Undergrad: 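What follows is a single structure, and I will ask about it in a moment.
Order of appearance sets the numbers: ligands from 1, and atoms from 1 within every ligand. This is a predicted model, so every value here is computed, not measured.
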Amino acid sequence: MSSLFYLNKYLVKYKWRLIFGSIFILISNIFAVQQPEIVRDAINKINQQLINRDPSLIEGIVWIALSFAGFYMLLSVLKGLFLFFTRQTIIIMSRFIEYDLKNEIYNHYQRLTFNFYKKNSTGDLMNRISEDVSKVRMYLGPGIMYTFNLITLFGLVLYKMISKNPELTLYVLIPLPIMSILIYFVSRVLNRKNERVQFQQSFLSTFVQESFSGIRIIKSHVKEKDVESRFAQEAEKYKANSMSLAKTNAFFMPTILLLIGISTILTIYIGGTQAKNGVIDPGEIAEFVIYVNMLTWPFASVGWVTSIVQGASASQTRINEFLNEVPDINLNEGVDATLKFDSKITFKDVSLTYDNSGVTALQNVNFTLHKGEIIGVIGRTGSGKSSLAYLFMRMLDPTSGTIMIDDQNLAEVNLDSWRNLLGYVPQEHFLFSDSIKNNIIFGAKSDQITEEQLIQVAINSGIHDSIMNFPDQYQTLLGERGINLSGGQKQRLSIARALIKKPDILIFDDCLSAVDNETEEFILQAIRNDLKEKTAIIISHRISSLKYADKIMVLDEGQVVEVGDHTTLMALDGLYAETYHRQEVTQDNTPDQ
Ligand SMILES: Nc1ncnc2c1ncn2[C@@H]1O[C@H](COP(=O)(O)OP(=O)(O)OP(=O)(O)O)[C@@H](O)[C@H]1O
Ligand SMILES: [Mg+2]
């Protein structure tokens with residue numbers, strides 16, 4: 001329960017809606033409890049007319065009935081009107097809070113780091129912002145509304161009943177608590193079954209989604225039949241769960257109706273006996289029957305609301321857990337944001353061990369990147385090249401050692417301003433389902449990118465010609481419902497996205513691997529010309545990508561094993577020279593590269 005206290009700040013924020021909503025519920029119920037008295041008076045009046053054998057009998061009865069009915073309807077309209085106001089205030093309040101909470105969660109998502117996203121699955125993250133927030137909203141809207149409704153209505157009805165006939169009150173109320181308890185237990189069973197259905201449903205949709213994304217693999221491995229039968233199995237489970245839920249549901253309503261029936265029979269029986277003894281008049285029996293029926297639904301809602309609150313509390317616990325997650329990279333938001341890079345970046349004894357895999361990706365790495373210098377990094381797969389880029393971007397902090405920007409520790413500078421200096425092309429690129437133009441200018445620092453700037457960047461990245469060949473050119477849509485780019489086109493688009501920012505430092509993580517040698521040469525030249533004073537780290541498997549590097553570092557199993565320019569490294573006759581000879585041979589044999 002206490003997890004829900006977190007939401008109190010929002011209840012305070014929307015306190016006026018809550019207060020007015022509560023007042024409206026009270027007013028609506030005050031109108032409602034007048035209605036049984038009208039029925040009672042009508043019955044008693046008509047009864048008297050019949051006993052008195054009044055000559056104007058028929059006409060009198062009609063008028064009495066009509067006037068009471070009119071009054072009754074007026075009260076119904078007023079009651080309904082205030083119920084409408086209640087929903088307009090409390091339910092709308094819950095929608096506002098839902099909106100705020102989703103924004104709060106989403107903003108928090110944006111602040112969290114690499115490690116967090118590695119630890120949590122996308123499905124789980126999606127659920128917190130959709131399912132869990134929906135459950136919490138059920139507590140804030142219907143939960144609060146029905147609880148307050150029960151309290152006010154029960155108070156008012158009880159007052160009316162006791163002030164008229166305490167004995168009858170006692171008897172007719174007996175079944176109601178039993179009903180609440182029963183509903184509470186049934187709701188729990190229902191909730192559990194419902195969750196099972198939901199779980200299976202999300203499993204099914206993930207399964208279907210994956211089989212669509214992987215349709216080419218499925219077909220090429222001729223696995224259609226296997227996938228079909230797996231789907232049928234899971235769908236069967238879903239059906240079984242749904243049927244079980246439907247059965248419990250079917251049992252639920254008749255039970256409630258039975259209990260209401262028992263209450264009504266008790267009222268009529270005990271009321272009838274009292275009427276026979278002259279203790280009460282017949283109208284009062286009818287009045288009590290209506291009271292009992294009025295209380296039924298609010299009581300029935302106790303069980304339901306309890307399970308809503310339980311569900312919301314579990315959801316809010318999950319949400320809180322996540323909101324309390326502190327980004328493991330200190331963003332240094334308070335630090336001066338006017339970071340400048342004047343002379344050099346130094347890695348001092350930097351090591352990195354990944355928590356989850358225990359892999360030591362980098363070990364005692366030392367190097368200095370001077371302003372205007374290009375460093376090439378080469379090494380086998382898994383040697384720690386991408387890890388080096390993550391550290392540089394400060395996606396991760398080193399396990400030990402320090403990275404210095406001029407004379408400031410990277411861990412202490414304002415992170416946004418540091419990343420603003422960098423143009424990073426990751427090894428695994430990602431394109432949004434948007435136009436080519438928007439995908440490129442996503443990287444820009446300002447919205448004011450001219451058409452010329454866009455085209456210039458595309459030309460430098462060697463992608464302009466390909467774009468002009470698409471029917472919609474820069475407006476061509478990418479992604480699921482758009483067109484697919486080839487691997488090399490995607491890489492070049494990613495490069496354009498990094499270049500449009502005009503960064504001070506470029507980091508290329510193996511982003512020329514899917515382009516041919518000629519295009520690679522063109523891009524490297526263009527970058528060199530366009531970005532005269534450019535500082536860069538170019539990571540690659542291919543020696544050809546490093547030909548403009550002032551200095552090349554060779555990584556092996558997380559350690560820098562060789563450093564120097566091409567000639568020095570060749571003279572060392574180590575790993576670099578070996579790689580060079582191997583690649584030279586491969587290239588000679590593949591003339592179309
Ligand atoms: N997020 C991660 N969590 C755990 N271990 C990781 C993670 N990323 C990389 N590793 C491990 O760290 C080591 C270095 O990986 P890294 O990605 O830096 O290699 P790389 O040199 O970029 O390889 P490639 O040339 O294939 O891109 C590998 O053993 C890898 O399994
Ligand atoms: Mg890599």
Undergrad: Might you confirm whether atom NE2 of His370 has over 12 heavy atoms from other residues, nucleotides or ligands at distances under 6.0 Å?
TA: yes

Undergrad: What pairs meet the ring-ring contact (aromatic ring centres under 6.0 Å, His included) rule with one or both residues in residues 408-431, with sequence neighbours excluded?
TA: Phe392-Trp418, Phe430-Phe432

Undergrad: Between the side chains of Tyr10 and Glu104, is a donor N or O closer than 3.5 angstrom to an acceptor N or O?
TA: yes

Undergrad: Please determine which of Ile459, Leu454, Val457 meets the side chain to side chain contact (heavy atoms under 4.5 Å, CB included) test together with His464.
TA: Ile459

Undergrad: Show your reasoning for whether side-chain contact (heavy atoms from CB on, under 4.5 Å) applies to Asn241 and Phe199.
TA: CA-CA 10 Å; Asn241 289 346; Phe199 176 81; over 6 Å; no

Undergrad: Do Asp565 and Thr568 have side-chain N/O donor and acceptor atoms under 3.5 Å apart?
TA: yes

Undergrad: Under 2.8 Å from the Mg ion (ligand 2), how many protein N/O/S atoms can be counted?
TA: 2

Undergrad: Can you list the residues that meet the ring pair (Phe, Tyr, Trp, His ring centres under 6.0 Å) rule with Phe212, with sequence neighbours excluded?
TA: none

Undergrad: Students should find this: residues with any non-hydrogen atom under 4.0 Å from ligand 1. What is the answer?
TA: Lys118, Tyr354, Asn356, Ser357, Val359, Ala361, Arg380, Thr381, Gly382, Ser383, Gly384, Lys385, Ser386, Ser387, Gln427, His541

Undergrad: Verify the neighbour count for atom NZ of Lys344: are there more than 12 heavy atoms of other residues, nucleotides or ligands below 6.0 Å?
TA: no

Undergrad: Check for me whether the distance between the ring centres of Phe322 and Tyr109 falls short of 6.0 Å.
TA: yes

